[in-house]
2 protein chains.
Amino acid sequence: MTESKKKYRIGVEAALDVISGKWKSIVFYHLATEKKRTNELKNLIPQITQKMLTKQLRELERDGIINRIIYKQIPPKVEYELTEYGRSLKTALNYFCEWGETHLDKVYGDKNSVLDNFLDNEKHC
Amino acid sequence: MTESKKKYRIGVEAALDVISGKWKSIVFYHLATEKKRTNELKNLIPQITQKMLTKQLRELERDGIINRIIYKQIPPKVEYELTEYGRSLKTALNYFCEWGETHLDKVYGDKNSVLDNFLDNEKHC
DNA sequence: TGCTATAGGATCATGTATGATCCTAAGTTT
DNA sequence: AAACTTAGGATCATACATGATCCTATAGCA
């Protein structure tokens with residue numbers, strides 16, 4: 001996704017370029033419900049470093065998935081939200097999420113033994 | 001996907017572990033139509049090295065996505081086919097593929113300028 | 001005997017993604 | 001004036017994914 005005119009063989013490759021990686025799907029997930037400030041995201045994903053978070057957000061922005069909303073104030077305030085285009089990814093990701101949970105059930109007997117319970121009160125998919 | 005009891009936050013992460021990587025989706029795609037011998041796959045994906053192909057196939061097999069069929073003969077003959085479970089990924093991947101093609105259209109104006117035409121005669125999704 | 005065909009193992013090299021740590025700007029509050 | 005707050009840049013280190021190249025087993029056939 002970085003080089004100009006990278007070659008793809010099937011659409012899946014292009015989609016994976018946009019959403020794969022260690023953090024992107026999680027960031028997407030959190031933004032899917034509503035827009036969030038940088039620090040909110042950081043708190044929702046404690047293990048991510050500042051640098052990685054920024055990098056993922058930049059790439060998602062470059063790919064048109066999220067908007068970056070800058071408030072002119074000190075201390076700085078920045079919010080991120082899904083774009084309309086980003087929301088169009090939801091359906092596909094939802095199928096992926098369902099399949100993934102089924103897969104975890106299959107591999108571990110019970111998906112809840114490996115799914116962090118940080119989202120207990122929300123739906124995962 | 002390699003460690004035992006890796007932690008996930010959402011199902012998407014588990015699904016991505018199974019199908020992301022530089023070659024997996026392509027291998028899956030080729031097996032989605034019908035089973036293939038190792039060398040057939042190698043020829044369909046000329047850029048992949050023998051080592052990488054074998055590695056992807058082993059991982060897909062470990063994750064229950066494909067079957068490895070060994071014919072007891074010399075020279076060796078091995079075929080790979082999607083399992084029933086592997087076929088259950090098709091729907092989700094199809095959505096991903098459609099979205100990916102749309103994305104390429106959006107980014108490059110025309111997806112066909114970046115999609116290798118090695119599949120001209122077949123559907124991409 | 002020596003060659004071919006097929007699947008894949010072994011070794012070493014490189015590239016890309018991720019991570020840890022420290023630094024900055026500039027208003028506001030004390 | 002000093003400390004606080006927030007977003008994120010800069011640097012250096014490491015881990016993991018991918019790649020290039022060479023080697024092997026074995027039966028059949030020329």
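These numbers were taken from a predicted model, which means no experiment stands behind them. Naming convention: chains lettered A, B, ... in sequence-line order (proteins, then strands); numbering from 1 in each chain.
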Next on the checklist: Checking A:Lys90 against A:Leu82 for the side chain to side chain contact (heavy atoms under 4.5 Å, CB included) test, could you report, in this order, the C-alpha distance in whole Å, the side-chain angles of both residues, the deciding distance, and whether it holds?
Outcome noted: CA-CA 10 Å; A:Lys90 272 189 176 181; A:Leu82 289 195; 4.1 Å; yes
Item to check | Residue whose closest nucleotide on DNA chain C lies nearer the 5' end, A:Pro76 versus A:Gln56 | outcome: A:Gln56
Item to check | Atom-pair distance (CD1 on A:Ile70; C1' on C:dA25), nearest Å | outcome: 15 Å
Item to check | Contact under 4.0 Å: B:Tyr80 side-chain N or O vs C:dG8 OP1/OP2 | outcome: yes
Checklist outcome for this item: Side-chain contact check for A:Thr38: nearest option of D:dT5, D:dG8, C:dG19 is D:dG8
Item to check | From B:Leu31 atom CG to B:Arg87 atom CZ, the distance as rounded to the nearest 0.5 Å | outcome: 11.5 Å
Checklist entry - Considering only side-chain heavy atoms of A:Arg58, which listed nucleotide, C:dG19, D:dT26, D:dG9, is closest? => result D:dG9
Checklist entry - When you check the phosphate oxygens OP1 and OP2 of D:dG19, does a side-chain N or O of B:Lys22 lie under 4.0 Å from one of them? => result yes
Checklist outcome for this item: Between A:Lys51 and B:Arg37, whichever has its closest DNA chain C nucleotide further toward 5' is B:Arg37
Item to check | Nucleotide D:dA7, atom C1' - distance to CG of A:Leu57 in whole Å | outcome: 11 Å
Checklist entry - Where the side chain of B:Thr102 meets the backbone of B:Glu98, is there a donor-acceptor pair that is under 3.5 Å apart? => result yes
Next on the checklist: Whole angstroms only, please: what is the CD1-P distance between B:Ile69 and C:dT6?
Outcome noted: 18 Å
Next on the checklist: Without decimals, in angstroms, what is the distance between B:Ile48 CD1 and D:dA17 P?
Outcome noted: 15 Å
Next on the checklist: Side chain of B:Gln50, heavy atoms from C-beta onward: which of C:dT18, C:dG8, D:dT18 has the nearest atom to it?
Outcome noted: C:dG8
Checklist entry - How is A:Tyr71 classified with respect to the nucleic acid when contacts are heavy atoms under 4.0 Å: base, sugar-phosphate, or nothing? => result nothing
Checklist entry - Could you give the CG-to-P distance, from A:Leu41 to D:dG8, as a whole number of Å? => result 10 Å
Checklist entry - Could you give the CD1-to-P distance, from B:Ile45 to D:dT18, as a whole number of Å? => result 13 Å
Checklist entry - Has B:Asn39 got a side-chain N or O lying under 4.0 Å from the OP1 or OP2 atom of C:dA5? => result no
Checklist entry - To the nearest angstrom, how far is A:Lys42 atom NZ from C:dG19 atom P? => result 11 Å
Item to check | Interatomic distance, B:Ile74 CD1 vs D:dT26 P [rounded to whole Å] | outcome: 7 Å
Next on the checklist: Same cluster or not: A:Tyr29 versus B:Tyr95, using hydrophobic residues (I, L, V, M, F, W, Y) connected whenever any side-chain heavy atoms lie under 4.5 Å apart?
Outcome noted: no
Item to check | Distance test, side-chain N/O of A:Thr49 to OP1/OP2 of C:dT18, below 4.0 Å | outcome: no
Item to check | A:Leu16 and B:Leu16, any side-chain heavy atoms less than 4.5 Å apart | outcome: yes
